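Data first, discussion second: the structure below is written as structure tokens.
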Amino acid sequence: MKFSKWTKKNYEADACCVAPKLLGQYLVHATDKAIYAARIVETEAYGGTYRRQVDDGAHSFRGITKRTAPMFEAGGITYVYLIYGMYHCMNIVTAPQGNAQAVLIRAVEPVQGIAAMIENRNAQSAAVNLTNGPGKLCRAMDITLKQNRIDLCGNELFIAHPLVPDTFSVVCTERINIEYAGMGKHFPWRFYMKDNPYVSK
DNA sequence: TACTGGATCCCT
DNA sequence: GGGATCCAGTAT
């Protein structure tokens, strides 16, 4: 498939601007086992501010730590972390260095390397539950802590946009599963493709 | 050195 | 609705 890779410039903006732009773009992970490609259908922005309120739902809210350090880097790298001891979540770091912002990839639609995705997930088919959640898509596309802090301008893991853009409607809602947050709970920073079956529950 | 809980998923 | 599973973050 023909595509053009995102460059450093694409990652300089605030996460809440990049998050909707990632919809319809392709997440590509080239490994020895397979080349995985998937169409991004759901994202969430984290970090930064909304109407002068700091995002208290972001990992970076309490300052830089060993785990969250990648979020504070300049945009254009990954931030992958372990969640609930068994799953991984993948983020795209955005904004200039020192401005901790990232976009969580919440759901994708498989495009290439589907047989390997099915194997990785121990699934029977490419039904929607193969990649309709952040933990599921990481397992399907073999994204683990090894892929943390990877340069997205390289050839292993990157974002590509199709040369023939597709059209869809974008829905914007509050983010999911951040009950611990205060004001941030209500930021309208979740974006997904209307009516796409791969959007998470 | 000990304790707590999570940007999830799957089964009941 | 609850268990799996483990490490970072925080408290002692």
Side-chain angles (χ1 to χ4, degrees), chain A residues 11 14-20 22-23 27 38 40-50 53-73 75 77-95 99-110 117-150 157 159 171-193 197-201:
Chain A
Y11 300 105
D14 285 338
C16 55
C17 295
V18 178
L22 279 166
L23 297 179
L27 175 64
I40 298 170
V41 302
E42 180 180 357
T43 59
E44 279 179 356
Y46 283 91
T49 59
Y50 176 74
Q53 302 275 359
V54 177
D55 181 14
D56 55 11
H59 287 173
S60 54
F61 179 66
R62 290 169 208 290
I64 189 166
T65 65
K66 187 181 171 189
R67 179 179 63 146
T68 63
M71 272 190 83
F72 290 78
E73 299 273 316
I77 63 170
T78 58
Y79 165 45
V80 181
Y81 63 90
L82 180 68
I83 185 73
Y84 297 105
M86 32 190 351
Y87 297 102
H88 296 278
C89 287
M90 184 200 161
N91 294 256
I92 308 275
V93 176
T94 78
N99 189 342
Q101 301 193 31
V103 178
L104 171 69
I105 309 297
R106 281 199 60 87
V108 300
E109 184 180 311
M117 291 188 198
I118 291 172
E119 192 181 317
N120 294 343
R121 287 269 294 135
N122 219 250
Q124 306 301 321
S125 69
V128 293
N129 62 4
L130 189 66
T131 54
N132 66 344
K136 297 179 196 178
L137 75 91
C138 281
R139 182 153 300 176
M141 298 182 73
D142 198 17
I143 294 167
T144 68
L145 288 177
K146 289 197 190 78
Q147 277 67 239
N148 186 29
R149 211 174 187 146
I150 280 188
L157 192 55
I159 300 295
V171 181
C172 175
T173 72
E174 294 182 357
R175 294 169 296 178
I176 292 180
N177 292 340
I178 52 165
E179 290 310 307
Y180 53 83
M183 292 301 294
K185 217 170 5 190
H186 305 297
F187 290 8
W189 281 1
R190 172 175 177 242
F191 305 90
Y192 64 87
M193 279 188 195
Y198 285 88
V199 171
S200 70
K201 300 287 182 298

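Fair warning: this is a prediction, and the values are worked out from it, not measured in the lab. Lettering follows sequence order; numbering is per chain, from 1.
- Taking the P atoms as reference points, dT5(C) lies 22 Å from dA2(B), given to the whole Å.
- Atom NZ of Lys146(A) has 12 or fewer neighbouring heavy atoms from other residues, nucleotides or ligands inside a 6.0 Å radius.
- The side-chain contact (heavy atoms from CB on, under 4.5 Å) search around Leu82(A) returns His88(A), not counting sequence neighbours.
- A distance-only check finds a donor-acceptor pair linking the side chain of Asp56(A) to the backbone of Gly182(A) [under 3.5 Å].
- Listed for the Thr68(A) side chain is no donor-acceptor partner under 3.5 Å among the backbone atoms of Met71(A).
- The one candidate from Ile40(A), Ile105(A), Leu130(A) that meets the side-chain contact (heavy atoms from CB on, under 4.5 Å) condition with Leu137(A) is Ile105(A).
- The shortest non-hydrogen separation linking Tyr198(A) to Pro110(A) is CE2-CD, 3.4 Å.
- Rounded to an integer number of Å, the gap from Arg139(A) CZ to dT5(C) P is 11 Å.
- Separating the CZ atom of Arg175(A) from the C1' atom of dT8(B) is a distance of 17 Å, rounded to the nearest angstrom.
- When all heavy atoms of Ala181(A) and Gly184(A) are compared, the closest pair comes out as CB-C, 4.5 Å.
- In this structure, Arg106(A) reaches the sugar-phosphate backbone alone: every heavy-atom distance under 4.0 Å involves primed, P, OP1 or OP2 atoms, never a base.
- Relative ring orientation between Trp189(A) and Tyr50(A) is described as perpendicular, the plane-to-plane angle rising above 60° on a 0-90° scale split at 30° and 60°.
- Within the structure, every pair that satisfies the side chain to side chain donor-acceptor pair (under 3.5 Å) test and touches residues 128-141 of chain A, not counting sequence neighbours, is listed here: Asn132(A)-Lys136(A).
- Rounded to whole Å, atom C1' of dT8(B) lies 14 Å from atom NZ of Lys201(A).
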Note, DNA chain C 5' to 3' with Watson-Crick or G-U pairs under 3.5 Å encoded as ( ), [ ], | and . gives ||||.||||||.
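- Gln147(A) places no side-chain N or O within 3.5 Å of a backbone atom of Thr78(A) that could act as its donor or acceptor partner.
- Rounded to an integer number of Å, the gap from CG of Leu104(A) to P of dA7(B) is 10 Å.
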Taking only N/O atoms, report every protein-nucleotides 8-12 of chain C pair under 3.5 Å with atom names and distance.
unit_1, atom_1, unit_2, atom_2, d
dG9(C), OP1, Thr65(A), OG1, 2.0

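- Among Val93(A), Ile150(A), Ile92(A), Asn148(A), the one residue that satisfies the side-chain contact (heavy atoms from CB on, under 4.5 Å) test with Ile77(A) is Val93(A).
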At a cut-off of 3.5 Å, list every protein nitrogen or oxygen paired with a nitrogen or oxygen from nucleotides 10-12 of chain B, distance to 0.1 Å.
unit_1, atom_1, unit_2, atom_2, d
dC10(B), OP1, Arg121(A), NH1, 2.8
dC10(B), OP1, Arg121(A), NH2, 3.0

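- When Arg62(A), Lys185(A), Arg175(A) are each tested for a salt bridge (Lys or Arg N to Asp or Glu O under 4.0 Å) with Asp55(A), only one passes: Arg175(A).
- Side-chain atoms of Ser200(A) never come within 3.5 Å of backbone atoms of Gly133(A) as a donor-acceptor pair (strictly under, hydrogens ignored).
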Atom pairs, N/O to N/O, protein against nucleotides 1-6 of chain B, distance under 3.5 Å?
none

